[in-house]
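Every value quoted in this text rests on a predicted model; they were computed, and no experiment measured them. First the proteins, then the strands, lettered A, B, ... as listed; each starts at 1.
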Protein chains: 2
Amino acid sequence: MVRFVHPSKDDITLSGLLEALADPLRLKILKTLIEQKGFLSCCQSAPCPKIAKSTLSNHFRILRESGLIRMSKKGVENHSVVRLEEINEKFPGLLKAILKHAD
Amino acid sequence: MVRFVHPSKDDITLSGLLEALADPLRLKILKTLIEQKGFLSCCQSAPCPKIAKSTLSNHFRILRESGLIRMSKKGVENHSVVRLEEINEKFPGLLKAILKHAD
DNA sequence: ACGGTAGTTCAATAATATAGAACTATTGAA
DNA sequence: TTCAATAGTTCTATATTATTGAACTACCGT
């Protein structure tokens, strides 16, 4: 059983968030997760068929370790959800301001 | 004579800005530049005595190439100024939202 | 012309990202 | 319950990027 480690809200840092969102693919993944408002699997939320799955797995790890998403194993898939409330509490307006300009 | 190349406003990208700001030192430099509202030299705007000057030079190049700052040679120094108006026109609210939470 | 200051460029090394291959865990069907 | 397929992780090698010291350039004041 894979047990994912997530940072607590207090451990989420601005630099961590910016670093995670600085990659165009990760930004796109996050945008997709928010727009779909669902619990998407990694492949569903990554609009990129060409990328290696090991690379994708790494991108999700970075998103998770930055505190941006919460992942849980549901059957054979990972379901990811954006930690909107927590991030908005700690950094009000930040996500909205960034995502507003994403593609 | 060093002639700096700056991207035009149209060539400034969100990912470029985020990537430049994802580094804590560069974020701090930008914050310092804005707060001082002056034309600071590299050493003045970098609150970090330990870092190698070649590294610092590289950080300023990244800030410049991302479109965040404009550099000009004044005597023996470089003077840097944040391209606030242009960035605010292209990405309204972005810089403010990020800098609000910087240290 | 000379020394000092501020920065750039170069070359080597350190750190990080990517991707293929092998592995694990779960599901669904024979 | 065995088998194959799916969805992802981990490992290992390679490619890219960051950091640094050293050498170099440009400018200023004397």
Checklist entry - Closer to the 5' end of DNA chain C via nearest nucleotide, is it A/I62 or B/F4? => result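 Whichever sits nearer the 5' end wins; that is B/F4.
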Checklist entry - Taking for each residue the nucleotide of DNA chain C with the nearest heavy atom, is it A/V76 or A/D23 whose nucleotide lies nearer the 5' end? => result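 Going by which nucleotide is closer to the 5' end, it is A/D23.
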Nearest-angstrom distance from the residue atom [atom1] of [X] to [atom2] of [N]:
{"X": "A/R61", "N": "C/dA17", "atom1": "CZ", "atom2": "C1'", "value": "10 Å"}
{"X": "A/K53", "N": "C/dG20", "atom1": "NZ", "atom2": "P", "value": "11 Å"}
{"X": "B/N78", "N": "C/dT5", "atom1": "CG", "atom2": "P", "value": "17 Å"}

Checklist entry - Is A/E86 salt-bridged to A/K90, going by a charged N under 4.0 Å from an acidic O? => result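 Result for this pair is no, no salt bridge flagged.
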Checklist entry - Between OG of A/S66 and CD1 of A/I87, what distance do you get to the nearest 0.5 Å? => result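 Answer rounded to 0.5 Å: 7.0 Å.
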Next on the checklist: Need the pair for C/dA30. Rule: Watson-Crick or G-U wobble, both distances under 3.5 Å, any strand; none if unpaired.
Outcome noted: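 Across all strands, the one nucleotide that pairs with C/dA30 is D/dT1.
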What's the closest nucleotide to the side chain of [X] if the choices are [options]?
{"X": "B/E77", "options": "D/dA26, D/dA7, C/dG7", "result": "C/dG7"}
{"X": "A/M71", "options": "C/dT5, C/dA19, D/dT9", "result": "D/dT9"}
{"X": "A/A52", "options": "C/dT18, C/dG20, D/dT19", "result": "C/dG20"}
{"X": "A/S57", "options": "C/dA6, C/dT8, D/dT10", "result": "D/dT10"}

Checklist entry - Is there a side-chain contact between B/F60 and B/N78, using heavy atoms and a 4.5 Å cut-off? => result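 The answer is no, as the side chains (C-beta and beyond) never meet within the 4.5 Å cut-off.
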Checklist entry - Which heavy atom of B/L99 sits nearest a heavy atom of B/K31, and at what distance? => result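 Closest approach of B/L99 to B/K31: O-NZ, 3.8 Å.
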Item to check | Phosphate contact (C/dT18 OP1 or OP2) by A/H59 side-chain N/O below 4.0 Å | outcome: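 Affirmative; the distance criterion is met.
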Checklist entry - Between C/dA19 and A/T55, is there an OP1 or OP2 to side-chain N/O distance shorter than 4.0 Å? => result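 Checking C/dA19 against A/T55, a side-chain N or O does come within under 4.0 Å of OP1 or OP2.
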Next on the checklist: At less than 3.5 Å, do the side-chain atoms of A/S54 and the base atoms of C/dG20 form a donor-acceptor pair?
Outcome noted: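 Such a pair is found, so the answer is yes.
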